[in-house]
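Comments concern the structure below.
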Amino acid sequence: MHWADAFVQDLAGHQTVSTGISPSGPIHVGNMREILTGNFIYVASRDRGLETRFIYLCDDMDPLRKVYPFLDKSYSSYVGRPLYKIPAPQGEGTYSEYFLRPFLDTLDTINVKVEVIRTSNLYREGKFAEAIDVVMKNSQQIRSILEEISGRDIEENWSPYNPICESCGRISTTSVTSYSFPYVEYSCKCGHTGRSDVRKDQGKLPWRIEWPAKWKILGVTVEPFGKDHGAPGGSYDTGKAIAEKIFGISAPKPMIYERILLKGKGAMHSSTGIAIPASEMIRVAPPQILRFLIARSQPGRHIDFDPGLGLLNLIDEYERYRDIYFGLEASDDDDAKRIYELSRVREERPGDVVSFRHLITLLQIYHDDNGLLSALKRGGYTHNSISGDLRAEMDVARSWLDTYGPEQMKFTLLPPDAPVELGESEKAVLKEFLQTGQSMKWDAESIHNRIHEILRSGNTDPKEGFSIFYRVLIGKTRGPRLGYFLSNLDRDWVMERLKRAVS
RNA sequence: GGGCCCGUAGCUCAGCUAGGUAGAGCAUCUGGCUUUUAACCAGGUGGUCGGGGGUUCGAACCCCCCCGGGCCCGCCA
């Protein structure tokens, strides 16, 4: 049984699956494990017949922690201020929306339907007011929970609520001086004293308290999170205790997942620059592959992500699962069909799809739709024009090839006067081809047959014979199907190139 | 100091919470196909399952101890 199905097996009643990612920088492939793990659990829960809600909390109230490497130095003045109140690094709008937008676009592309909730709105609408009141009235108990479970010492003037200074806009520089619902009075390091209304977005709960408060406000029953939260004494432990003892609710059922590493580089962090943005991944891989990457891996195992040849192998594997689903290939992997179902972003049928590897080759041969389409049809593609989905996949294949494709998979035509070393017998093959090349029918089959005929009559080994042409045309010993390859090239150009090669 | 994950074929991994003769894909090699989706079909090479103990009739799997790799553990997310 697939891990998502196994996870929801003992659930009963209405479920709310919650996920959350801070838009403090570009949202990367590593972050996608959060949202996709949640998505698969959501789908599995619904498939079990449970009424289920799936939400994504955008933590735009979080303060900017520091000036990240991708930010201008001038951002030092914004450190400590909430992300939704900071200007975007480029263009109009806010910092948080700037990084949220491409993420939401990516979710759309990979067919993740989720309710997006901005934490700042929850505060602004007063959703946190009651929880903040409870927390302020139980601050001593919360303090002892945090000290006991996390094992840290909490300073004397600590408060379970952090007002935002209305003067300097920072959130981590204020000290609470008194509380009487709904007002928290504070003094700030900047010298300002004021009061925050807990029914508005004038202050924020710290993470370890905000998390269980969200569980209460939103009725969260299931939540995936990274193992950093799951460490003993970590925020899930303290959150669970606060949920039970302060809010009187049960903590959500946890699904702890491991991190995604960039092969050879380490864990993905946008703060270190070791990260591939999710939007970049769907630029160089079909969208279902991002889902597949997460769906096929046990959450408890880390994933080594390799955007190069590893990605191509991953795509191959997806296509193998698809063939199993179509019934074109046998498999004793019970989860294969389920993984495919969870991964695909649309209905696919055998006549609609073309293998990614095949596309990689075709794209380098054909530069017009007619040639490409006829090649596709030979491979079983049933449409009379290139579909929008396939067009998009071609763009993706091109991008992958340009950005991550290994040299061995790339080829380009050599210029007519490029030098090439050939033996006499090799030149003889080309010369024979030249004799009829100008007059023969210039189509794939004729060319193929003609070359074959020449090689047979000269007792030339076919493998070596074909490689002569590849060496002359693309400087490699192997290449795409030769007849079709040549037929798609300009005849005069080919003749000119061969003539120069033998002279 | 505490905790989690991983270590199985050259590579990526499955198998481990039902203990019963080591698996898949890729790569590689051989054969086939009047050689081309760098394809396909058939077959082969390839692993003392990180090491050592223990439990057991029997351990990749359960227990203990090591070794190696990765990650997390103030605040913030």
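Note that this is a predicted model, so its numbers are computed, not measured. Chain A is the first sequence line, chain B the second, and so forth, proteins listed ahead of strands; every chain is numbered from 1.
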So that I can tick it off, tell me whether [Y] and [X] are bridged by a salt bridge, with the cut-off set at under 4.0 angstrom between side-chain N and carboxylate O.
{"X": "D60(A)", "Y": "K85(A)", "value": "no"}
{"X": "D201(A)", "Y": "R118(A)", "value": "no"}
{"X": "D62(A)", "Y": "K204(A)", "value": "yes"}
{"X": "E155(A)", "Y": "R143(A)", "value": "no"}

Interatomic distance at [atom1], [N] relative to [M], whole Å:
{"N": "rG19(B)", "M": "rA24(B)", "atom1": "C1'", "result": "22 Å"}
{"N": "rU12(B)", "M": "rG2(B)", "atom1": "P", "result": "31 Å"}
{"N": "rG69(B)", "M": "rG51(B)", "atom1": "C1'", "result": "15 Å"}

| query | Side chain of K227(A), base of rC72(B): donor and acceptor closer than 3.5 Å? | reply | no
| task | Look at K66(A) and rC75(B) and indicate whether a side-chain polar atom (N or O) is within less than 4.0 Å of OP1 or OP2. | result | no
| message | Is there a side-chain contact between R357(A) and the phosphate of rA38(B), meaning an N or O under 4.0 Å from OP1 or OP2? | response | no
| request: Scan E317(A) against the nucleic acid and name what it touches under 4.0 Å (heavy atoms): base, sugar-phosphate only, or nothing. | output: nothing
Any strand counts, and the cut-off is 3.5 Å on both contacts for Watson-Crick or G-U wobble. Which nucleotide pairs with [N]?
{"N": "rC4(B)", "answer": "rG70(B)"}
{"N": "rU17(B)", "answer": "none"}
{"N": "rC11(B)", "answer": "rG25(B)"}
{"N": "rG46(B)", "answer": "none"}

